[in-house]
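Okay, structure first, notes after.
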Amino acid sequence: MAITAAMVKELREITGAGMMDCKKALGETDGDMDAAVEFLRKNGQAKAEKKANRIAAEGLCTVAMEGDNAAAVVEVNSETDFVAKNETFQSFVASVAKQAVASDAADMDAFMAEKWVEDSSKTVNEALVEKVAVIGENLKIRRFEKVVENNGCVVTYVHGGGRIGVIVDAETSVVNDEVKEGLKNIAMQIAALNPKYVSRAEVSADFIAHEKEILLAQIMNDPKESQKPEKVINGMIEGRISKELKEICLVDQVYVKAEDGKQTVGKYLEELSKAAGATVSVKKFVRFETGEGLEKKNEDFAAEVAAQMNA
C-alpha cells in the first residue's frame with residue numbers, strides 16, 4: 001500500500017512520534033493506522049494515545065438533574081464554534097439534556113423517537129430538524145447517558161462553557177451540602193484529569209496483559225534495559241504498570257486540591273466520609289468531552305482554490 005504524506009501526518013498527530021518513525025511504522029504495517037500506533041508504542045516512540053482523544057468537532061456538552069438522585073449528560077454537535085456559542089443553540093442543548101433526564105430510552109433511536117419535552121406534538125428528531133432549519137447549520141444529537149442512584153446521590157459539573165460534562169454517582173447514607181460539595185470536587189477532578197476507571201478493580205486482565213506486552217517490547221528494544229536479569233525486567237514492568245494505573249484510576253490519582261500535593265482521591269473520600277459520619281464512595285462516573293472521537297474536516301482553502309482554478 002502506498003504511504004501518503006497525509007497518513008504520516010495523521011499518525012504523527014495521534015502519537016507525537018517523528019515523521020520518519022511514522023513513515024517506517026506505516027510501511028511495516030501496510031498502512032494500518034491502529035497497527036502502526038502499536039508498532040510505535042512497542043518501539044518506545046509513542047505514548048498510549050488513541051484517536052478517541054483527538055478533539056475536533058464543535059458543539060456542547062451539558063447536564064440536567066432531577067433532584068439529587070437522577071442526572072443526564074448530553075452532547076450535541078454543530079459544524080462551527082460560532083454556532084456553539086449561539087444562544088439559540090445553547091437553549092436547544094439545555095432542552096435536550098432536560099429530555100434525557102426524563103427519558104427511559106435505552107438507545108439513540110428510541111431517544112430520537114420520543115415525544116419532545118418542549119412540544120409533545122413532535123418527536124425529538126423533528127425538533128432537531130426544525131432547529132437545523134432555524135440555525136442554518138447541520139446539528140446532531142450525538143449521545144446521552146442517564147444516571148439514577150437510589151442509595152446516595154448524583155452530582156454534576158460542566159467545564160469550559162460546555163466542553164466537558166461530568167456526572168458522579170455516589171453511594172452514601174448521608175446526603176448534605178458538605179457531601180455534595182466534596183463530590184463536586186471529585187467531578188472537577190474527573191473533568192481535569194480524565195480517569196478511565198474508578199479503581200483498579202475495574203481494570204480488566206486483558207488490558208493489564210496488553211500493557212505488559214507493550215512494556216516488555218519497549219524494554220527488549222532498549223540495548224541497556226534488555227540486558228538486565230528477567231527478575232529485574234519483571235519488576236520494572238510491574239512498577240510501570242502501577243504508575244500507569246495511578247494515572248487512569250480515579251481513587252489512585254493525586255487529588256487536584258491536595259494541600260500537600262500527595263493526597264490521593266481515595267484518601268480525600270476517606271476524609272469526606274469521616275466528616276459525614278458515613279461511607280461516601282464513588283460508584284461510577286460519566287465524562288463527555290465535546291467532539292471526543294470525532295475528526296473535523298481539515299479545510300485547506302489554498303488547495304481548494306488551486307483545485308478550482310485548475311478545474
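Asn176 is linked by a side-chain contact (heavy atoms from CB on, under 4.5 Å) to Val174, Glu178, Val179, counting only residues two or more places apart in sequence or in another chain. For Ala191, the side-chain contact (heavy atoms from CB on, under 4.5 Å) criterion is met by Tyr157, His159, Ile164, Val166, not counting sequence neighbours. For Lys257, the salt bridge (charged side-chain N to carboxylate O under 4.0 Å, His left out) test picks out no residue, with sequence neighbours left out. In terms of the side-chain contact (heavy atoms from CB on, under 4.5 Å) criterion, residue partners of Asp32 (sequence neighbours excluded) are, by chain and number, Thr29, Asp34, Ala35. In this structure Glu149 satisfies the salt bridge (charged side-chain N to carboxylate O under 4.0 Å, His left out) test together with Lys283, sequence neighbours excluded. Every residue meeting the side-chain contact (heavy atoms from CB on, under 4.5 Å) condition with Asp222, not counting sequence neighbours, appears here in chain and number order: Lys224, Glu225.
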List, one per line, each side-chain donor-acceptor pair under 3.5 Å for residues 17-27, sequence neighbours excluded.
from, atom 1, to, atom 2, distance (Å)
Asp21, OD1, Gln45, NE2, 3.4

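Sorted by first and then second residue, the ring-ring contact (aromatic ring centres under 6.0 Å, His included) pairs involving residues 102-129 (not counting sequence neighbours) are Phe92-Trp116, Phe111-Phe144. Listed by first and then second residue, the ring-ring contact (aromatic ring centres under 6.0 Å, His included) pairs involving residues 232-286 are Tyr255-Tyr268 (not counting sequence neighbours). Within the structure, side chain to side chain donor-acceptor pair (under 3.5 Å) contacts touching residues 271-280 (residues at least two apart or in different chains) are Gln263-Glu271.
Judged by distance alone, with hydrogens and angles left aside, the side-chain atoms of Glu75 form no donor-acceptor pair with the main-chain N or O of Thr290 at under 3.5 Å.
In this structure, Glu126 does not pair ionically with Lys131, as no charged nitrogen and carboxylate oxygen lie closer than 4.0 Å.
Listed by chain and number, the hydrophobic cluster partners of Val254 come to none, as no ILVMFWY side chain reaches under 4.5 Å of it. Ile237 belongs to a hydrophobic cluster with Tyr197, Val203, Phe207, Ile208, Leu215, Leu216, Ile219, Met220, Val232, Ile233, Met236, Ile241, Leu245, Ile248, counting contacts under 4.5 Å between side-chain heavy atoms of Ile, Leu, Val, Met, Phe, Trp and Tyr, direct or through other members.
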